[in-house]
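Input: a single structure, listed below in structure tokens.
For ligands, and for the atoms within them, numbers begin at 1 and follow the listed sequence.
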Amino acid sequence: MTINEYKFAGKKAIVRVDFNVPLDENGNITDDTRIRGALPTLKKIVADGGAVIIMSHMGKPKGKVNSKLSLSQIREAVEKALGVPVAFAADCANADAEVAALKPGEALLLENLRFYPEEEGKPVGIDKEDPAYDAAKKEMKAKQKDFAKKLASYADCYVMDAFGTAHRKHASTAVIADYFDKNDKMLGYLMEKEVQAVDNVLSNIKRPFVAIMGGSKVSTKIGIIENLLGKVDKLILCGGMTYTFAKAHGGEVGNSICENDKLDIALNVEKMAKENGVELVLGVDSVIADAFSNDANTKVALSTEIPEGWEGLDAGPQSREIFANAIKGAKTILWNGPAGVFEFDNFTAGSRAIGDAVAQATAEGAFSLIGGGDSVACVNKFGLADKVSYISTGGGALLEAIEGKELPGVAAIKG
Ligand code: AMP
């Protein structure tokens, strides 16, 4: 079923969204991108005369009630954005009364799903090494089904629109779909758009295809890096990863972030790139600092000659030029992860150079896909959001989809 075909009038729809928005210490939303992302789906349902039950997680409460992560803090903002009354159910697994009171054209926001360990389906308080772990996991999986069934009982149909968590097989993102008929479950507009954007990159690759991977560590990205080596023409590796590569070649990296136990992985990436005929692009110099601070003293050094007491926090001028040149002329671009500690204003130049080059290539006809919270924050910070082709709301989900893995949140709807 598709959201455009479904007749929502007089029906109750339970919609999984990703309202895991950042809050300041007073509970105010600091970035409402995710709420805005879900609006087309929610608005469509209420405009058609349906009632909508909105469910989401927020943060990592680890299966326990935590008032700092209560979705009650965003109820008003959701109501304002949606333009219809939004009630709140303080217990997502005991919301029958609130659901019964819900009228067509109205909405109900359920409390944070992750206040229940059943949402993630992982046993809590027991170590993976514990001999009793497997039994505890089995028991939790059974409870997860009950939890999903309870959520499903609130509604006539299920809409999955949380791309950011679509790579997780959680109660609300996948298991719940088992309790709906094929004709009563569907992807929301955001999911449809995200899946389409990935498809644009994967099924119709216009070359050259340039991927830019940044961020802090090689270890968390190695899966996608190895996978991309079979797809791209050029792979730019930047950010904190630079120093693991520099060290692997015997360089001095001072206090830079470096995974000493991953040097062999770095060398293997270089070998694989050669075997696959992929041009691996690494910077040569860095902006180094004498402290991990925006106000630290800085200078430029080769990334393999960083003195003790100093650390590389951004790409240096030569590296920026190398990156920009590598992006020039690309026809497909994937960017995940910043080229430096862009959160500090004095260390944004590397990420900015990449952003500008991606925008330029896009203006010249490339399809550019930006994904992962930090690269999206970069693009927003530099005012380039409308100069790239598509900004994904997913980090891990986007990378897994690009790896070619079927996302549980998508599979559950199809199945
Ligand atoms: P990731 O979650 O792996 O994509 O990493 C994103 C984080 O990497 C951002 O918070 C950046 O500040 C950080 N990062 C980028 N470059 C560096 C660097 N040279 N040293 C330390 N952290 C970095």
Side-chain angles (χ1 to χ4, degrees), residues 20 22 30-31 60 164 167 211-226 228 235-248 251-260 262 265-266 269 281-296 298-307 309-320 322-323 334-355 369-382 391-400 402-403:
N20 182 25
T30 53
D31 182 346
K60 294 182 176 159
H167 58 316
I212 307 141
M213 300 294 294
S216 52
K217 291 181 177 172
V218 182
S219 52
T220 53
K221 307 244 164 125
I222 188 66
I224 180 76
I225 289 175
E226 287 180 353
L228 285 171
L235 178 62
I236 299 176
L237 294 179
C238 53
M241 283 190 260
T242 308
Y243 309 103
T244 303
F245 282 82
K247 185 84 178 266
E252 299 291 339
V253 298
N255 297 355
S256 307
I257 188 169
C258 174
E259 293 173 282
N260 286 312
K262 298 289 179 303
I265 291 187
V269 165
V281 182
L282 286 153
V284 292
D285 61 350
S286 294
V287 176
I288 63 171
D290 61 359
F292 189 79
S293 152
N294 189 46
D295 306 319
T298 63
K299 55 185 179 184
V300 172
L302 289 178
S303 304
T304 47
E305 292 180 14
I306 301 176
W310 291 76
E311 57 193 302
L313 294 188
D314 197 7
Q318 285 188 64
S319 301
R320 285 175 234 151
I322 291 170
F323 298 156
L334 170 71
W335 180 18
N336 173 276
V341 185
F342 78 102
E343 296 93 334
F344 297 153
D345 285 343
N346 291 334
F347 300 95
T348 55
S351 304
R352 201 180 283 270
I354 289 176
L369 174 55
I370 319 298
D374 285 316
S375 1
V376 175
C378 270
V379 167
N380 287 332
K381 184 165 179 157
F382 308 148
I391 297 179
S392 173
T393 56
L398 175 77
L399 296 184
E400 288 197 16
I402 297 274
E403 279 184 53

Quick one: does [X]'s side chain get under 4.5 Å of [Y]'s, heavy atoms only?
X      : Y      : value
Cys378 : Ile370 : no
Phe382 : Ser351 : yes
Ile288 : Lys299 : yes

* **Whether Lys221 lies under 4.0 Å from ligand 1, heavy atom** =>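 The answer is yes: ligand 1 sits under 4.0 Å from a heavy atom of Lys221.
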
* Close approach, Phe344 and ligand 1, non-hydrogen under 4.0 angstrom -> no

* Taking atom CD of Glu252 as the centre, report whether more than 12 heavy atoms of other residues, nucleotides or ligands fall under 6.0 Å from it. =>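 Not buried by this count: 12 neighbours or fewer within 6.0 Å.
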
* Take atom NZ in Lys381; do more than 12 heavy atoms of anything else shown fall under 6.0 Å from it? ->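 Check passes, neighbour count above 12.
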
* Asked: At under 4.0 Å between heavy atoms, which part of Glu343 makes contact with ligand 1: side chain, backbone, both or neither?
  ->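 It is the side chain that gets close, since no backbone atom is under 4.0 Å.
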
I need the atoms of ligand 1 closer than 4.0 Å to a non-hydrogen atom of [X], numbered in the order shown.
X      : value
Gly240 : 16 (N), 17 (C), 18 (C), 19 (N)
Gly312 : 18 (C), 19 (N), 20 (N)
Gly239 : 16 (N), 19 (N)
Tyr243 : 19 (N)

Where is the nearest protein heavy atom to [atom]: which residue, which atom, and how far?
atom                    : answer
atom 23 (C) of ligand 1 : Val341 CG2, 3.5 Å
atom 2 (O) of ligand 1  : Asp374 OD2, 3.8 Å
atom 20 (N) of ligand 1 : Ile257 CG2, 3.5 Å
atom 8 (O) of ligand 1  : Ser216 N, 3.3 Å
atom 15 (C) of ligand 1 : Gly340 O, 3.2 Å

Please check: side-chain N/O of [X] versus main-chain N/O of [Y], any donor-acceptor pairing under 3.5 Å?
X      : Y      : answer
Thr244 : Glu259 : yes
Ser256 : Gly312 : yes
Thr30  : Pro22  : yes
Asp314 : Ala349 : yes

* Any N or O on Lys217 sitting closer than 3.5 Å to an N or O of ligand 1? -> no

